[in-house]
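Here is the structure we will look at.
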2 protein chains.
Amino acid sequence: MELKQPATVTLAEVAEAAGVGESTVSRVLRNHGSFSGKTRERVMAAVERLGYVPNRIAGTLASTGSRLVAFVIPSLSNIVFPDVLRGASAVLEENRYQAVFSVTDYDPGKEEALVAAMLAWRPAAVMLAGYEHSDGTVKMLRASGCRVVELLDLDGDALDIAVGFSNRAAGRESAAFLLKRGYRRIGYVGHDLNRDTRAGKRFSSFCETLDARGAPLVAREILVGASSVENGRLGLERLLARTADLDAVYFSNDDMALGGYFHCLAEGIAIPSKLAIFGYNGLDIGRAIPQPLSTVRTPRVATGEIAAKLVVANAPSQAVDLGFELIEGATA
Amino acid sequence: MELKQPATVTLAEVAEAAGVGESTVSRVLRNHGSFSGKTRERVMAAVERLGYVPNRIAGTLASTGSRLVAFVIPSLSNIVFPDVLRGASAVLEENRYQAVFSVTDYDPGKEEALVAAMLAWRPAAVMLAGYEHSDGTVKMLRASGCRVVELLDLDGDALDIAVGFSNRAAGRESAAFLLKRGYRRIGYVGHDLNRDTRAGKRFSSFCETLDARGAPLVAREILVGASSVENGRLGLERLLARTADLDAVYFSNDDMALGGYFHCLAEGIAIPSKLAIFGYNGLDIGRAIPQPLSTVRTPRVATGEIAAKLVVANAPSQAVDLGFELIEGATA
DNA sequence: CGTTTTTTTGGCAGCGCTACCAATCTATTG
DNA sequence: CAATAGATTGGTAGCGCTGCCAAAAAAACG
């Protein structure tokens, strides 16, 4: 079926049909300013009859601020970001804001280009992952005059608003937990850390903590590419082939850790007696496996919610620490 | 740090600074129409110097078509939709289109409201999940004149463009596969099917196929709420408590099936000799567990890609069947 | 009732940009 | 060198809506 371009109905036509002025229609539709009940009815009837759909493009141009919120996120494969979007989206929809997004693939250059493209829509706010941005990105954001929210990280200086938790603290506490449990020969399996700087921060403070307690990291296996269950499995396999007698492995996140868990399951490696496994994120699936995964649960949805609420309320610049929760689980 | 509203630079100011007319700046920036190399340089220098960011709101209003594509999706928790967004987003970004989205929570009423809100942005296309929409939604979409793409379903009549595969065929082939393997006492564990109509279609044609082959479904367990690993586990537990001697269970999707798998693992139920498990979606994680999950792999990312390509190319109305692949795995 | 106050209205100038058209300039041709 | 064709430009009317302001109508007051 060919869809023909039906001459779109404009506000002026509604006004004409309702026998009132344009500004009256505008007021009724936005429920702003004053008008009589009778007028309201006539306008609504005309709207109904003509099938009028307001044009937000025109509305936004005419008024001052837009109700667009731009998300520039590294990935949609990593469940973290859909979770953040989910939390934010619920709040934004309630407040008649509209979410727009694009995906950087963890590439700062692409991030810069996408931020530029986003700013062209004159959003009320731009939401980004973390603190590591190119100079160009920072400059544009500063000059834009729109709100900037940096998500899921707290280890650095915020441009405007930051909502999240400390990845360094998460790395530190994970290390402390493993040490407290008596593990001394600890390894690490992770994905590309240059791109995922938050995972990098966790790892570096994890290592610092081990060093400080006199039980430095014994071995590491870094896989190219994104985190995934398969990479976690592969990573652990390689690590164990290279290094004997490890008693615990820290993974860059739960996806990777699950891969490690499955490897042990398949190879008959007893968890945690022979090898302990520790993840990061607190995914639901980690609680459904036979031995609940030991991990750190992060408030991903809440991060999105709070960020959206702050933007909607046009709150002052601030950093909000939502914290995280270490889940002892049964794998470490 | 307070971000001050910096008087935004307009195209007129760039024109002034570059000593050329507004339309010339516009042509250079869009690389459209003709202009000399020298002019181009002067304009670009002025753009650079003033830090000009074009206003797409104004641009869209002034020109005819927008480069916005609206996604109205049921959920962000179900990985299916982030996958579709991912595929689409890559293509859209390449073509300088912008993705906007909102989430319906599988609620047709909310879908209608969100479609209305989306149409207010005069998108080039609206992308929706499946064919089941309220009358109001259909009416609005028809009247809107923008392209409509229905995703991930092919069992029904498309409004305009449809991209996906047949859920009925998937249900049918899954049943045929289990029967061919010799399973006769087959059960089902699923989530709320009124909302997820695609899962409902799979289930009903699964049952029809079993009936036709004289091995009707023995038992079912439907859980309220969304699909999840935990619900899958719980569902299988309940199903087995109620019904003895099942030899295979079909799950509404891989998340649910993984829950079932973990239940068996924890309870020491041998797979597939004692109980076979079959899922749907072909998630990566299903291949990383000790016994690869038997399932149907669906082209989710490709669905998004193709949909976006058709929209960008302003292709004629059509239904594109991307098919699916039955993965034999080791659990059935 | 006339007057003052309050509530409702309509008119219209932009918002920043693009599309169209006419004007200007440059290169070509005979 | 005039004439013609082609390449570059600038001017300007909207795109559809909102915000401001003044006019009109209704309500309140004395």
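Throughout, protein chains are lettered first and strands after them, A, B, ... in sequence-line order, and every chain is numbered starting at 1. Bear in mind the structure is a predicted one, so any value in this text is a computation, not a measurement.
If Val25(B) and Glu22(A) are placed on DNA chain D by their nearest nucleotide, the residue sitting closer to the 5' end is Val25(B).
Dashed line: the shortest gap from a side-chain N or O of Arg27(B) to OP1 or OP2 of dT18(C) is not under 4.0 Å.
One interatomic measurement links the two molecules: CD of Glu13(B) to P of dG16(C), which rounds to 9 Å at whole-angstrom precision. Note: OH (Tyr52(B)) to P (dG16(C)) measures 10 Å, nearest angstrom. One atom, CG of Leu29(B), and another, C1' of dA19(C), lie 16 Å apart when rounded to the nearest Å. With rounding to whole Å, Trp121(A) atom CH2 is found 16 Å from dG16(C) atom P. Between the P atom of dT18(C) and the CD1 atom of Ile57(A) lies a distance of 13 Å, rounded to the nearest Å.
Side chain of Glu13(A) to main chain of Thr10(A): a donor-acceptor pair is present (N/O by atom type, distance under 3.5 Å, no hydrogens or angles). Formation of a donor-acceptor pair under 3.5 Å by the Thr197(B) side chain with backbone atoms of Gly200(B) is not found in this model.
Glu150(A) CD to Ile161(A) CD1: the interatomic distance, rounded to the nearest 0.5 Å, is 10.0 Å.
The stretch residues 31-44 of chain B comes close to DNA chain D through Ser34(B), Phe35(B), Ser36(B), Thr39(B), each having a heavy atom under 4.0 Å from the strand.
Of the candidates dC12(C), dG16(C), dT9(C), dT9(C) carries the atom nearest the Thr24(A) side chain, counting heavy atoms from C-beta on.
In summary, Glu132(A) and Lys201(A) engage in a salt bridge, as defined by a charged side-chain N under 4.0 Å from a carboxylate O. Arg147(A) and Asp160(A) are joined by a salt bridge, as a carboxylate oxygen and a charged side-chain nitrogen come within less than 4.0 angstrom of each other.
On the nucleic acid side, DNA chain D contacts chain B at distances under 4.0 Å to non-hydrogen atoms, with the end points of that region at dT8(D) to dG16(D).
Contact annotation: side chain of Thr10(B) to base of dG16(C), donor-acceptor pair absent below 3.5 Å.
Heavy-atom contacts from other residues, nucleotides or ligands closer than 6.0 Å to CZ of Arg67(A) number more than 12.
Nucleic acid contact class of Ser23(B) (heavy atoms, under 4.0 Å, all strands): base.
Applying the ring-ring contact (aromatic ring centres under 6.0 Å, His included) definition to pairs two or more places apart or across chains, none involves residues 38-96 of chain A.
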Evaluation steps, side-chain contact (heavy atoms from CB on, under 4.5 Å), between Val69(A) and Val149(A): CA-CA 10 Å; Val69(A) 173; Val149(A) 187; over 6 Å; no
Take Met44(A) and Val28(A) through the test side-chain contact (heavy atoms from CB on, under 4.5 Å) and record every step on the way to the result. CA-CA 8 Å; Met44(A) 293 316 266; Val28(A) 170; 4.0 Å; yes
